[in-house]
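For reference, the structure discussed in these notes is given below.
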Amino acid sequence: MISPYPLPTGLPGIATFFVTPDGLVRLGIATHLSTAALTLNGAHVTHFQPHGASPLLFVSGSSHLTPGRPIRGGVPVCFPWFGARAGDPQAPAHGFARTTQWAVESVTGSEETGVTAVLILTSTEATRAFWPHDFTARLRVEVTRELRLTLEVENPGPDPFLFEEALHTYFAISDVNDVTVTGLEGAAYLDKVAAGARQELGPDPLRFTGETDRIFPANTATCTIHDPGFPRRIVIEKTGSHSTVVWNPWIAKAAAMADFGDREWPQMLCIETANVGTDAITLAPGARHEMTALIRLG
Ligand code: TA6
């Protein structure tokens with residue numbers, strides 16, 4: 001267990017670090033623009049709410065909220081692999097970054113401009129035991145009326161390495177039966193509910209009628225969630241990302257997840273900004289890669 005003390009320095013009145021009873025070090029951000037929260041465990045943004053709007057992110061009421069456990073909701077940082085690790089069933093799903101304690105590199109900003117927090121994770125013996133490469137990862141969290149997340153990966157070592165990454169964002173919606181997603185019309189996808197079969201979306205906005213787990217390769221689209229229940233639109237723009245992942249567990253998968261309420265599945269939808277599978281990144285020695293998701297109300 002890493003001691004949470006001394007706490008990092010925030011910005012008086014607008015960005016405050018505190019420790020939860022379960023030992024999570026959290027950063028709370030509040031300006032006239034919005035409120036947000038993140039944990040150093042996993043560099044995990046758990047809350048974002050533009051002033052005057054409802055929260056944009058979903059977090060399960062059954063989620064673990066303890067160091068070393070993944071949080072079911074918000075924006076899990078998946079790195080350096082996505083999903084189950086090929087050939088290593090013991091490896092943590094979606095990589096080790098989301099269950100590892102990140103450090104604070106900087107917290108800057110003001111009531112007027114909003115707040116930017118930069119969290120950093122560098123390779124250690126523990127990470128090298130999972131993945132034999134030195135790396136530096138930074139998550140830059142820019143909180144204004146919009147939420148801009150940038151995952152930067154650097155290769156300080158002498159050899160290239162290949163990695164996958166995802167900002168696995170859980171969006172809060174009124175009812176998945178009623179929402180549509182635009183931006184993916186006509187796009188090809190791999191259907192993980194159908195053994196990864198390659199399919200293609202039709203010309204109409206994406207609707208949801210059952211468990212949905214789709215990877216859209218070579219996809220740079222801006223996606224918009226149209227939610228008539230609020231009503232509102234949530235726009236997800238991205239740069240440096242060539243995979244889009246769309247997920248809702250629906251009834252059976254929701255019931256099978258201990259850290260997810262059986263009745264919560266209609267209130268969430270993951271639209272993930274990623275580089276996975278054939279879009280995985282090969283990073284040359286000394287190189288740096290950035291992937292950004294910009295989340296805003298439309
Ligand atoms: O991104 C979709 C997905 O890969 C699904 O297959 C499902 O496993 C989901 O991620 C949640 O993964 P987790 O490891 O957080 O339970």
Side-chain angles (χ1 to χ4, degrees), residues 39 41-46 57-86 88-100 130-131 149 151 163-173 176 179 181 184 187 189-199 201 206 208 210-217 219 221 223 225 236 238 241-262 264-280 291 293 295:
T39 65
N41 183 71
H44 199 125
V45 177
T46 57
L57 303 180
F58 163 92
V59 177
S60 170
S62 304
S63 175
H64 300 294
L65 291 170
T66 51
R69 304 294 297 266
I71 295 172
R72 176 71 63 193
V75 187
V77 176
C78 304
F79 173 83
W81 62 83
F82 181 79
R85 189 173 192 200
D88 183 354
Q90 302 307 314
H94 291 319
F96 50 71
R98 68 169 176 167
T99 51
T100 301
F130 277 121
W131 191 62
L149 302 173
L151 179 58
F163 69 94
E164 294 178 305
E165 58 184 352
L167 295 170
H168 191 302
T169 313
Y170 287 68
F171 290 98
I173 58 175
V176 72
V179 305
V181 173
L184 297 170
Y189 64 92
L190 307 178
D191 189 346
K192 287 175 65 177
V193 175
R198 190 176 180 88
Q199 313 276 5
L201 274 192
L206 178 56
F208 301 90
E211 181 187 351
T212 303
D213 194 348
R214 301 176 179 182
I215 297 175
F216 293 78
N219 186 275
C223 293
I225 301 171
I236 306 101
K238 62 180 193 172
S241 160
H242 287 83
S243 313
T244 301
V245 183
V246 179
W247 180 58
N248 182 284
W250 217 256
I251 301 166
K253 276 283 171 62
M257 292 188 287
D259 60 347
F260 192 88
D262 292 358
E264 290 184 311
W265 57 272
Q267 276 75 52
M268 56 70 65
L269 178 63
C270 287
I271 304 285
E272 303 164 38
T273 299
N275 287 298
V276 302
T278 52
D279 298 314
M291 176 177 75
I295 295 164

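Both counts, for ligands and for their atoms, begin at 1 and track the order of listing.
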If you measure every N or O of Glu272 against every N or O of ligand 1, does any of those distances drop under 3.5 Å?
yes

For ligand 1, which atoms, with element, lie under 4.0 Å from some heavy atom of Val245?
1 (O)

Would you say Lys253 contacts ligand 1, with heavy atoms under 4.0 Å as the rule?
no

Using a distance threshold of 4.0 Å (strictly less than), state whether atom 8 (O) of ligand 1 has a protein heavy-atom neighbour.
no

Looking only at protein heavy atoms, what sits closest to atom 4 (O) of ligand 1 is Lys192 NZ, 3.2 Å

Would you mind telling me if ligand 1 is within reach of the side chain of Arg98, the backbone, both or neither, using heavy atoms under 4.0 Å?
side chain

Check each atom of ligand 1 against the heavy atoms of Ala93 and keep those under 4.0 Å away; list them by number with element.
14 (O)

Could you tell me which atoms of ligand 1, counted from 1 in the order shown, lie closer than 4.0 angstrom to a heavy atom of Phe82?
1 (O), 4 (O)

Enter the distance from Trp265:CH2 to Thr212:OG1 here, rounded to the nearest 0.5 Å.
10.0 Å

Kindly indicate, with the supporting measurements, whether the criterion side chain to side chain contact (heavy atoms under 4.5 Å, CB included) is fulfilled by Lys238 and Asn219.
CA-CA 10 Å; Lys238 62 180 193 172; Asn219 186 275; 4.3 Å; yes

Kindly say whether Thr273 contributes a backbone atom to a donor-acceptor pair with the side chain of Ser241 at under 3.5 angstrom?
no

How many angstroms lie between NE2 in His168 and CD1 in Ile271, if you round to the nearest 0.5 Å?
11.0 Å

Of the side chain and backbone of His168, name the one, both, or neither that has a heavy atom under 4.0 Å from an atom of ligand 1.
side chain

As a quick check of understanding, evaluate side chain to side chain contact (heavy atoms under 4.5 Å, CB included) for Lys253 and Trp247, giving each step before the final call.
CA-CA 11 Å; Lys253 276 283 171 62; Trp247 180 58; 5.5 Å; no

Name the closest protein heavy atom to atom 12 (O) of ligand 1, giving the residue it belongs to and the distance to 0.1 Å.
His94 NE2, 3.1 Å

Looking only at protein heavy atoms, which one is nearest to atom 6 (O) of ligand 1, and how far off is it?
Asp213 OD2, 2.6 Å

Out of the candidates Thr39, Leu65, Leu57, only one should pair with Thr46 under the side chain to side chain contact (heavy atoms under 4.5 Å, CB included) rule; please name it.
Thr39

Let me have the donor-acceptor pairs involving side chains of residues 66-82, under 3.5 Å, with sequence neighbours excluded, atom names and distances please.
residue	atom	partner	partner atom	Å
Arg69	NH2	His64	NE2	2.9
Arg72	NE	Asp259	OD1	3.1
Arg72	NE	Asp259	OD2	3.3
Arg72	NH1	Tyr170	OH	2.9
Arg72	NH2	Asp259	OD1	3.2
Arg72	NH2	Asp259	OD2	3.4
Trp81	NE1	Pro92	O	2.9

Within this structure, what is the CD-CZ distance for the pair Glu272 and Phe171, rounded to the nearest 0.5 Å?
9.5 Å

